[in-house]
Amino acid sequence: MNAPATPELPVAVIGAGPSGLAAAAHLLDQGIEPLVLEAGRQAGAAVREWAHVRLFSTWGEVIDPVAEKLLAPTGWARPDPATYPSGGDWAEQYLQPLADALGDRVRLGTTVTGVSRTGRDRIVDADREQQPFVVHLAHADGREERIFARSVIDASGTWATPSPAGGSGLAALGEHAASDRITYRVPNLKNPATRARYAGRRTAVIGSGASAFTALAYLADLAKSKDGTGTKGVWILRRGISGSTFGGGEADQLPARGALGLAAKAAVDEGHADAVTGFRTEAVERDTDGRLTLVGEDGRRLDAVDELIVLTGFRPDLSFVNELRLNLDERLQAPAELAPLIDPNQHSCGTVYPHGHRELSHPEPGVYLVGMKSYGRAPTFLAMTGYEQVRSVAAAIAGDLASADRVELTLPETGVCGGAGLFDTSDARETDSGGCCATTPPLAQLGTPAAVGATAEEAPAGGCCSS
């Protein structure tokens, strides 16, 4: 049977992470019942998987103000807004209390396997918009269920779908076979078993963002410890070394974010990591002793490593929303109206134009991708972005378009300008592009030479993100 499309139906919110729980709080603030569907066993399940990593945003920047209003009557103690939480702190001191305040509106151990219009696949036009959404669920005990919703907010994030080591966006040859020596997360080197895995070993880190900076800093700290003698990092960069390679440093308006890049630079300068530039992995070959040799698309073969940490970003899982009519950018897999504002081929300053429900909407009315998932494959997402997104979306669902359209968001700049997605070529040089959001730091001089055959080419700095 077809359930009627009535306002009494809840809004299905997929994911009990920061943006999903904030969406539920904003919906309640608008007098709308949310139903939060979380695959994990606890709220903030994805955040808990990087509990050991400290955020580069302060508590004051990662608490949604409407969620805080919901928490206030529970006796919740607000953490010092000027301090920096770890992922574990964020989950335990904010996300879990917020989920508790929402009560049975949050369902744990519930995986969304599909979303559609009731009785309509993506082909059928007839009376489509009058039908409620139908959401298919799989419970941890194997039961299947379907629920109906007036609207769907997908805040499921991208954590479960990391990008591979291969430079073409596909897994490198041999990558799957070597999975026991590869991780796609920043390792927790405070865990004794994990620490023993990397101590005294040679580890390659592929990536150029905050996660890669963090991993390199962790490996450097391990190398300097008593039990880590002989630990060595090999930093694999697909592009060359430029002034923006290590982030904005002291020019970053989030000081802790700038410090991550400086820590990565220190790891190289102090000899705890070697940098290999312009290297795009084509194959991962396994030696008879189990060590891994990375082979580049240009034929270069690097010295063997014991472990490989792949931190090349994430991508959205769109499989369960395949029956919905989404308008996604062909490159970023982000909402088409949002994509030009966050395209790393144009922007890398860490700030975007204010955006809300209009940029997040699709040809299928009532569907919104928010939070990390809204950015598709683009990096540099900040929690405060998601909070403003869901505020606007909740107002739009409530019919308050004046509030929904009044989007105000000023994000801290990284101090770096330049199209991070541009391909590194020998004739791509840094240019004075003018009007950037901050002065580009001087070219980083590495104390440790790159591998044989690697060149420290300057990367292009075109595509400023001044607004």
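Here the structure is a predicted model, which means the values were calculated and not measured. Residue numbers count from 1 along this sequence.
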With rounding to the nearest 0.5 angstrom, report the [atom1] to [atom2] distance, [X] to [Y].
{"X": "Leu369", "Y": "Leu338", "atom1": "CG", "atom2": "CG", "value": "10.0 Å"}
{"X": "Arg280", "Y": "Leu237", "atom1": "CZ", "atom2": "CG", "value": "10.5 Å"}
{"X": "Leu292", "Y": "Leu302", "atom1": "CG", "atom2": "CG", "value": "11.5 Å"}
{"X": "Leu70", "Y": "Thr74", "atom1": "CG", "atom2": "OG1", "value": "8.0 Å"}
{"X": "Leu360", "Y": "Asn327", "atom1": "CG", "atom2": "CG", "value": "12.0 Å"}
{"X": "Leu37", "Y": "Ile14", "atom1": "CG", "atom2": "CD1", "value": "6.5 Å"}

Output yes when a side-chain donor or acceptor of [X] lies under 3.5 Å from a complementary backbone atom of [Y], and no otherwise.
{"X": "Thr158", "Y": "Pro316", "value": "no"}
{"X": "Ser211", "Y": "Gly209", "value": "no"}
{"X": "Thr161", "Y": "Arg315", "value": "yes"}
{"X": "Thr231", "Y": "Gly200", "value": "yes"}
{"X": "Asp287", "Y": "Asp289", "value": "no"}
{"X": "Lys232", "Y": "Val305", "value": "no"}
{"X": "Arg239", "Y": "Gly278", "value": "no"}

- Task: Please collect all salt bridge (charged side-chain N to carboxylate O under 4.0 Å, His left out) contacts where either partner lies in residues 155-180, sequence neighbours excluded, each pair once.
- Result: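 Qualifying pairs: Asp180-Arg286.
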- Message: Per the salt bridge (charged side-chain N to carboxylate O under 4.0 Å, His left out) rule, what does the pair list look like for residues 205-215, sequence neighbours excluded?
- Response: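 Residue pairs passing salt bridge (charged side-chain N to carboxylate O under 4.0 Å, His left out), neighbours aside: none found.
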Between [X] and [Y], which heavy-atom pair has the shortest distance, and what is it?
{"X": "Val205", "Y": "Ala215", "value": "CG1-CB, 4.3 Å"}
{"X": "Ala138", "Y": "Thr113", "value": "CB-CG2, 3.8 Å"}
{"X": "Ala199", "Y": "Gly228", "value": "CB-CA, 4.3 Å"}
{"X": "Phe213", "Y": "Ala264", "value": "CD2-CB, 3.6 Å"}
{"X": "Pro97", "Y": "Glu92", "value": "CD-O, 3.2 Å"}
{"X": "Gly44", "Y": "Leu95", "value": "CA-CD1, 3.9 Å"}

Heavy-atom distance under 4.5 Å between the side chains of [X] and [Y], does that happen here?
{"X": "Val321", "Y": "Leu326", "answer": "yes"}
{"X": "Val295", "Y": "Glu285", "answer": "yes"}
{"X": "Trp159", "Y": "Glu49", "answer": "yes"}
{"X": "His272", "Y": "Lys224", "answer": "yes"}
{"X": "Arg107", "Y": "Leu35", "answer": "yes"}
{"X": "Leu308", "Y": "Leu294", "answer": "yes"}
{"X": "Asp303", "Y": "Val234", "answer": "no"}
{"X": "Arg331", "Y": "Asp343", "answer": "yes"}

- Query: Sequence neighbours excluded, which residues qualify as side chain to side chain donor-acceptor pair (under 3.5 Å) partners of Ser392?
  - Reply: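 Applying side chain to side chain donor-acceptor pair (under 3.5 Å) to Ser392 gives none.
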- Message: Between Arg238 and Phe279, does the side chain to side chain contact (heavy atoms under 4.5 Å, CB included) criterion hold? Intermediate values first, please.
- Response: CA-CA 5 Å; Arg238 292 173 176 171; Phe279 189 93; over 6 Å; no
- For Arg195 and Ser225, what are the C-alpha separation, side-chain angles and deciding distance, and is it a side chain to side chain donor-acceptor pair (under 3.5 Å)? CA-CA 11 Å; Arg195 190 175 183 86; Ser225 67; 3.1 Å; yes
- Lys373/Asp317 salt bridge by N-O under 4.0 Å criterion: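 Judged by the 4.0 Å cut-off on N to carboxylate O distance, Asp317 and Lys373 do not form a salt bridge.
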- Item | Lys/Arg N to Asp/Glu carboxylate O, Arg197 vs Glu307, below 4.0 Å |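 Here Arg197 pairs with Glu307 in a salt bridge, since their nearest N and O are under 4.0 Å apart.
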- Stepwise side chain to side chain contact (heavy atoms under 4.5 Å, CB included) check, Ile309 with Ile206: CA-CA 6 Å; Ile309 302 173; Ile206 303 179; over 6 Å; no
- Test salt bridge (Lys or Arg N to Asp or Glu O under 4.0 Å) on Arg78 and Glu68 and set out the steps. CA-CA 8 Å; Arg78 189 178 195 267; Glu68 185 174 358; 2.7 Å; yes
Donor + acceptor pair across side chains of [X], [Y] (<3.5 Å):
{"X": "Thr111", "Y": "Glu38", "value": "no"}
{"X": "Gln96", "Y": "Asp100", "value": "yes"}
{"X": "Ser86", "Y": "Asp89", "value": "yes"}
{"X": "Ser374", "Y": "Gln389", "value": "yes"}

- Query: What do you reckon, is NE2 of His176 surrounded by more than 12 foreign heavy atoms closer than 6.0 Å?
  - Reply: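 Atom NE2 in His176 is not packed in, count stays at 12 or less.
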Could you go through residues 18-26 and list every donor-acceptor pair under 3.5 Å that involves a side-chain atom there, pairing it with any protein atom two or more places apart or in another chain?
from  : atom 1 : to    : atom 2 : distance (Å)
His26 : NE2    : Asp64 : OD1    : 3.0
His26 : NE2    : Asp64 : OD2    : 3.0

- Message: For a side chain to side chain contact (heavy atoms under 4.5 Å, CB included) check, start with the C-alpha distance between Leu318 and Leu328, then their side-chain angles and the critical distance, and finish with the verdict.
- Response: CA-CA 10 Å; Leu318 300 169; Leu328 299 175; 3.5 Å; yes
- Task: Let me see the working for Asp306 and Arg202 under salt bridge (Lys or Arg N to Asp or Glu O under 4.0 Å), right down to the final yes or no.
- Result: CA-CA 5 Å; Asp306 299 289; Arg202 181 178 170 86; over 6 Å; no
- Query: Do any pairs count as a side chain to side chain donor-acceptor pair (under 3.5 Å) and have a residue in residues 212-221, sequence neighbours left out, and if so which ones?
  - Reply: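 Not a single pair qualifies under side chain to side chain donor-acceptor pair (under 3.5 Å).
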- Item | Sequence-distant partners of Phe381, ring-ring contact (aromatic ring centres under 6.0 Å, His included), two or more places apart |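 For Phe381, the residues satisfying ring-ring contact (aromatic ring centres under 6.0 Å, His included) (neighbours in sequence not counted) are Tyr375.
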- Task: Is it possible for you to check whether Arg48 lies under 6.0 Å from the centre of the six-membered ring of Trp90, through NZ or CZ, and within 45° of that ring's axis?
- Result: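 So Arg48 doesn't make the cation-pi contact.
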- Message: Between Tyr84 and Trp59, is the ring centroid distance below 6.0 Å?
- Response: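 No; Trp59 has its ring centre 6.0 Å or more from that of Tyr84.
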- Message: side chain to side chain contact (heavy atoms under 4.5 Å, CB included), that's the test. Do Tyr198 and Thr183 meet it? Break it down for me.
- Response: CA-CA 12 Å; Tyr198 295 95; Thr183 184; 3.3 Å; yes
- Give me the one residue out of Val62, Val47, Leu71 that meets side chain to side chain contact (heavy atoms under 4.5 Å, CB included) with Tyr94.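 Result for side chain to side chain contact (heavy atoms under 4.5 Å, CB included) with Tyr94: Leu71.
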